[in-house]
Amino acid sequence: MDREFFCRDVLDVAPALLGRKLIRVFPDGSTGAYLITETEAYRGQEDKACHASKGYTPRTEVMFREGGHVYMYLIYGMYWMLNIVAGPVDVPQAVLVRGIAEASGPGRLTRLLKLDRGFYGEDLVNSGRIWVEEGIRSPEIESTPRIGIDYAGNPWKDLPWRFLIKL
DNA sequence: AACACGATTTCG
DNA sequence: GAAATCGTGTTT
């Protein structure tokens, strides 16, 4: 996928990632292709569920860059989350990649792909170890409220910004 | 410098 | 249903 693909609004990018392949080249040289099956959209400073709602901090800095960069962060002291930045410069949006066909759940996903803080700021458009390619075309998509963000309150906690491939 | 709290998973 | 476990943002 090129820069243009990621620089659109996160509500376009998140569902568009479904059915595409996440390519990972491991340190030992082996390569894996993983079908993206579940994503969530986190949209700007107004979105109370989005980490960027706290403003520009060292942690959220990458979300303010142009789309296509990787935002990694640790949750609950043990799980690394893989996020793909969307939108143009100074528009803090990101897609949380929650599931691939080979591993369900964001924590399992990053463990399987061996992703951690070393990928913070990685550019998917120009990387030799992780990127996104075309996959199956036009999968049927289902949307539901996002997971684990009840604390964000209304209207954010109920917005149907979680996207899954319908079986 | 100290503190509270998660965009989760696993096990009982 | 609760524990595991630590970086981040906020408060002192």
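Chain naming here is simple, since letters A, B, ... match the order of the sequence lines and numbering starts at 1 in each. The analysis underlying the following values was restricted to heavy atoms, covering all of them including side chains, and did not include hydrogens, waters or symmetry mates.
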List the residues meeting ring-ring contact (aromatic ring centres under 6.0 Å, His included) with A:Tyr56, not counting sequence neighbours, and say none if there are none.
A:Phe64
Using the test ring-ring contact (aromatic ring centres under 6.0 Å, His included), find all partners of A:Tyr79 that sit at least two apart in sequence or belong to another chain.
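Per chain and number, A:Tyr79 pairs via ring-ring contact (aromatic ring centres under 6.0 Å, His included) with no residue.
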Could you check whether any side-chain N or O of A:Glu40 sits under 3.5 Å from a backbone N or O of A:Arg98, counting only pairs where one atom can act as donor and the other as acceptor?
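Checked: no pair found.
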Please name the pair of heavy atoms, one in A:Ile130 and one in A:Leu124, separated by the smallest distance, quoted to 0.1 Å.
O-CD2, 3.5 Å
Starting at CG of A:Leu159, measure out to CZ of A:Arg43 and round the result to the nearest 0.5 Å.
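Answer for the CG-CZ pair, A:Leu159 versus A:Arg43, is 10.0 Å.
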Through direct or indirect side-chain contacts below 4.5 angstrom among Ile, Leu, Val, Met, Phe, Trp and Tyr, which residues connect to A:Val25?
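Members alongside A:Val25: A:Ile23, A:Trp131.
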Based on Watson-Crick and G-U pairs with both distances under 3.5 Å, what dot-bracket line describes DNA chain C 5' to 3', crossing pairs as [ ] and inter-strand pairs as |?
||||.||||||.
Taking atom P of C:dG9 as reference, at what distance in whole Å does atom OH of A:Tyr151 sit?
13 Å
Walking along DNA chain B from 5' to 3', note the first and the last nucleotide with an atom under 4.0 Å from a heavy atom of chain A, and give both.
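The contact span of chain A on DNA chain B goes from B:dG6 to B:dT10.
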Protein-nucleic acid N or O pairs under 3.5 Å, nucleotides 4-8 of chain C:
unit_1 : atom_1 : unit_2  : atom_2 : d
C:dT5  : O3'    : A:Gly77 : O      : 3.4
C:dT5  : O2     : A:Tyr76 : O      : 2.6

Using the side chain to side chain donor-acceptor pair (under 3.5 Å) criterion, which residues pair with [X]? Sequence neighbours excluded.
{"X": "A:Asp28", "answer": "A:Ser30"}
{"X": "A:Thr57", "answer": "A:Thr60"}
{"X": "A:Arg20", "answer": "A:Glu134"}
{"X": "A:Glu66", "answer": "A:Arg3"}

Salt bridge (Lys or Arg N to Asp or Glu O under 4.0 Å) pairs touching residues 53-63 of chain A, sequence neighbours excluded, are A:Glu61-A:Arg65
What parts of residues 86-113 of chain A reach DNA chain B, counting only heavy atoms under 4.0 Å away?
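Result for residues 86-113 of chain A: A:Leu96, A:Arg98, A:Gly105, A:Pro106, A:Gly107, A:Arg108, A:Arg111, sorted by number.
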State, with a plain yes or no, whether a side-chain heavy atom of A:Val85 is found less than 4.5 Å away from one of A:Phe6.
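Result no, sub-4.5 Å side-chain heavy-atom pair not found.
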